[in-house]
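Contents: one structure, followed by commentary.
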Amino acid sequence: MGMRKVAVVGAGMTKFMRRAQETGKELSWQAARMALASCEMTLDDIQAVCLGTAPDAFDSIHLKGEYLSDGAGAWGKPYMRSYVGGGTGVFAPIQGWYHVASGLFDAVLVVCEEKMSSFYPHAQGAFLTIFDHTTERPLKPNLLWIFAMEMNRYMQTYGISKEDIAHVAVKNKRNAADHPCALLGNPDITVEDVLNSELLAWPVNRLDVSPVSDGAVALVMVAEHVAKRVTDKPVWIQGVGWSLDTAYWTNRDLAYPRYVEYAARMAYEMAGIKEPRKEINIVEPYDPFDYKECHHLEGLLLADRGQAPQLAIDGVSLRDGDMPVCPSGGLLGVGNPIAAAGLMKVAEIFWQLRGEAGARQVPGQPKRGLAQAWGDLMQVGTVVIMGTNP
Amino acid sequence: MSLLERYPNAPGAWLGELPITSRYTAGLAGERFLRAIKDDGKIMGSRCDRCGITYVPARQFCERCLDELDEWLDVGTKGEVYTFTLLFENLDGTAREEPEVVAFIRLGDGGLVHKLDEIHLDDLDIGMLVEAVFKPETERQGSILDIAYFRPTSP
Amino acid sequence: MTSKIKVFPGTPLREVDFKEGKILYRHDEMNGQYAWDTGIGIGSYLAALKEGVLLGSYCRSCRRTVVPPRTVCEWCFRPMNSYIPLKDTGTVNTFSLCYITWDLKRIKEPEISAVIEIDGASPLHGIMHKLGEVDPEDVHIGMRVQAVWKPADEREGAITDILYFKPIKEG
Ligand SMILES: [Zn+2]
Ligand SMILES: [Zn+2]
């Protein structure tokens, strides 16, 4: 396609916290300088900055892109904020990729931030705005309605039980126990704990949901000649994809995320992947709710429709299974500062493919991984495929 | 191909509101900056020697090189009026008899936006020297409003 | 790299740190009040609701009837051809039993939210609303329901002119 090869060469992140003392700017700066330090680069080496952050309402700051620009290292540089709701954290590195692949820049910094504790008493109030102001909001919905209804439709369509799905929450929260930045890691959690946790909106219980959080993550993305200079372990972007379904969420199939499939097919084609289940070693699908991991694995064509919960039940998706899913601990375990959570998944694939994931390292020297996020009004899919080969 | 038309009796607008309540932490630098105002009546800056910039209000990091700024300094309570405006309306749109004076006051390489008081409008000028007037110590809360206003002063 | 770094940045706070004044913070309330123009499709939808009618619109090229009505078909990007008054009955596509209100208060009896596929609209085309006059235990996907309207003189041209949908008693 006449595009240049792009590598990720550095990554950094803050802890994911329920309430951080740091401002959003300070969180962004901590992640950004850590990413630069990790590849021994400085801000002088960076030619452009890509920022991802979700609705302004979460930080309760209008024009959040401008607000965060100093912490993101954007002073005096070409700078752009992208925003596709929950899909932002995997879209921002796609933006970084095309900044470099196009030949426009040789080195970019990608920063994602969210400080959801600013919306007080709880970020739920901000989620109200996703519903249509005239035809839906007068019914006084809360965010859980939409997820609970999607989960219910998914379960009903394929005959899946809450217990089947709870295995996903258990797996991810156990994985997160090994993540130094995690908010809700728990090595001892059981399926019963999930099923017995507080019922919020049937079929969703408290432990089916990821926690709102504060945090930031950053990546350094560079062209091939820069990558060869700064590291002997570049991780290459092999494919990217994104796609959108109708904004009328009550006018579409709630049991299957077709838009994720379209995004995945775009990325697979770019990466030259014919049989994703055989060719992808690690997966970090978006898991704000446990059923969403299943939903997304099916949309990514990594599980048959209605069969994804079985991967957790059979141990296939455990860290030492045949296809580890969310070895980071995911949003369910590490936390869900929206845009930062998506980029955390890309950072996890980076660390895993370099063999630098510490206690979280999946065995067998994985060669290729996929990170995916999802958002807007449950309608956007964003996918990045990374590998040790260009 | 004609477009669908609006029902003649359709309501013009749907009225609604967004309940938004927020709690902002001062942050790492903000905590230290505001406590210096509250406890010591001092305005602090932070300096990046590499870039040659003194940030006011003090920040945790330099936005030009991303270095951590551990060199904090008292920049004093006097600064020059860099620019100003006269407000003849209140926030709710009602008229004011006397205008409120808001200025950007240069301190270090940054500065503060704040109110000016104890001043004759005729004397108001860009470049004039003003100083911070702090609230009594017992009334300070760790807020930028612990500085009540700035007023004219001499070097 | 995470394997080498022992301490990651970030200063987690507890709620008591705020309550006890250990850290500085500022509480703010923004006053967001809006008048959203209803436009053509939704304006007509609201006008029809006032008359006790659920309104959709039809695209001849796609042979698709959507609800709520819109003026442009997003699939073929042609203008929609006509408004279609729909029945006020439908089928539950999915539902939830919600024990939390929109402002996070716990409630004993759940609110039952649902997506209802409206009779006369294309398959999978529904609206979000609430269910009532039904035991939460009895709600199921595929259940047939009908709108319960406010009295005509109390309707204001709003989605809340339908109070809720209730099960249709078979036979
Ligand atoms: Zn500097
Ligand atoms: Zn059409």
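Residue A:Ser118 does not touch chain C at all, counting heavy-atom pairs closer than 4.5 Å. Only the side chain of A:Phe131 has a heavy atom closer than 4.5 Å to any heavy atom of chain C. In this structure, the portion of C:Ile42 lying under 4.5 Å from any heavy atom of chain A is its side chain and not its backbone. Of the two parts of C:His140, neither the backbone nor the side chain holds a non-hydrogen atom closer than 4.5 Å to a non-hydrogen atom of chain A. Residue C:Tyr45 touches chain A through its side chain alone, counting heavy-atom pairs closer than 4.5 Å. At a 4.5 Å heavy-atom cutoff, C:Ser122 makes no contact with chain A through either its backbone or its side chain. Interface remark: C:Pro110 contributes no atoms to any contact with chain A (heavy atom separation under 4.5 Å). Residue A:Glu26: no heavy atom, backbone or side chain, is found under 4.5 Å from chain C. C:Glu15 touches chain A through backbone and side chain together, each having a heavy atom under 4.5 Å away. For A:Arg33, no part lies under 4.5 angstrom from a heavy atom of chain C. The parts of A:Arg153 that come within reach of chain C are both its backbone and its side chain, each placing non-hydrogen atoms under 4.5 angstrom from that chain. Contact of C:Arg106 with chain A is made through the side chain alone, with heavy-atom distances under 4.5 Å. Only the side chain of A:Met17 comes within contact range of chain C, with heavy atoms under 4.5 Å apart.
A cation-pi contact links C:Arg70 to A:Tyr248, judged by a cut-off of 6.0 Å to the six-membered ring centre and 45° from its axis.
When each of C:Pro136, C:Cys98, C:Ala158 is scored by its heavy-atom pairs under 4.5 Å with chain A, the top score falls to C:Cys98. With chain C as partner, the option from A:Thr134, A:Leu200, A:Asp214 having the largest number of non-hydrogen pairs under 4.5 angstrom is A:Leu200. Ranking A:Leu139, A:Leu183, A:Leu254, A:Thr14 against chain C, the residue ahead of the rest is A:Leu139, based on heavy-atom pairs under 4.5 Å. Listed options A:Val204, A:Thr157, A:Asp253, A:Thr246 were ranked by heavy-atom pairs under 4.5 angstrom with chain C; first place goes to A:Thr246. Interface summary for chain A: among C:Phe95, C:Tyr164, C:Tyr99, the most heavy-atom pairs under 4.5 angstrom belong to C:Phe95. Most heavy-atom pairs under 4.5 Å with chain A, from the set C:Val115, C:Ile141, C:Val7: that is C:Ile141. Ranking C:Asn93, C:Leu49, C:Ile116, C:Ile112 against chain A, the residue ahead of the rest is C:Asn93, based on heavy-atom pairs under 4.5 Å.
Annotation for C:Glu137: atom CD does not count as buried by contact number, only 12 or fewer foreign heavy atoms lying within 6.0 Å.
Salt bridge annotation for A:Glu113-A:Lys25: absent, with no cationic side-chain nitrogen under 4.0 angstrom from a carboxylate oxygen. Salt bridge absent: C:Glu133 and C:Lys169 never bring a charged side-chain N and a carboxylate O closer than 4.0 Å.
Between C:Pro69 and C:Ser57, the closest heavy-atom pair is CA-OG, 3.5 Å. Residues A:Gln352 and A:Gln361 come closest through the heavy atom pair O-NE2, 3.0 Å.
With contacts defined as side-chain heavy-atom distances shorter than 4.5 Å, the pair A:Val235/A:Arg354 qualifies.
Aromatic rings from C:Tyr34 and A:His133 are positioned such that their centres are separated by 6.0 Å or more.
Residues A:Ser328 and A:Glu284 bring a donor and an acceptor atom of their side chains to less than 3.5 Å of each other. Side-chain polar atoms of A:Arg252 and C:His125 form no donor-acceptor pair below 3.5 angstrom.
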Can you list the steps and then say if A:Asn152 with C:Ser96 is a side chain to side chain contact (heavy atoms under 4.5 Å, CB included)?
-> CA-CA 7 Å; A:Asn152 189 11; C:Ser96 162; over 6 Å; no
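Using a 30° and 60° split on the angle between ring planes, A:His179 and A:Trp351 fall in the perpendicular class, above 60°.
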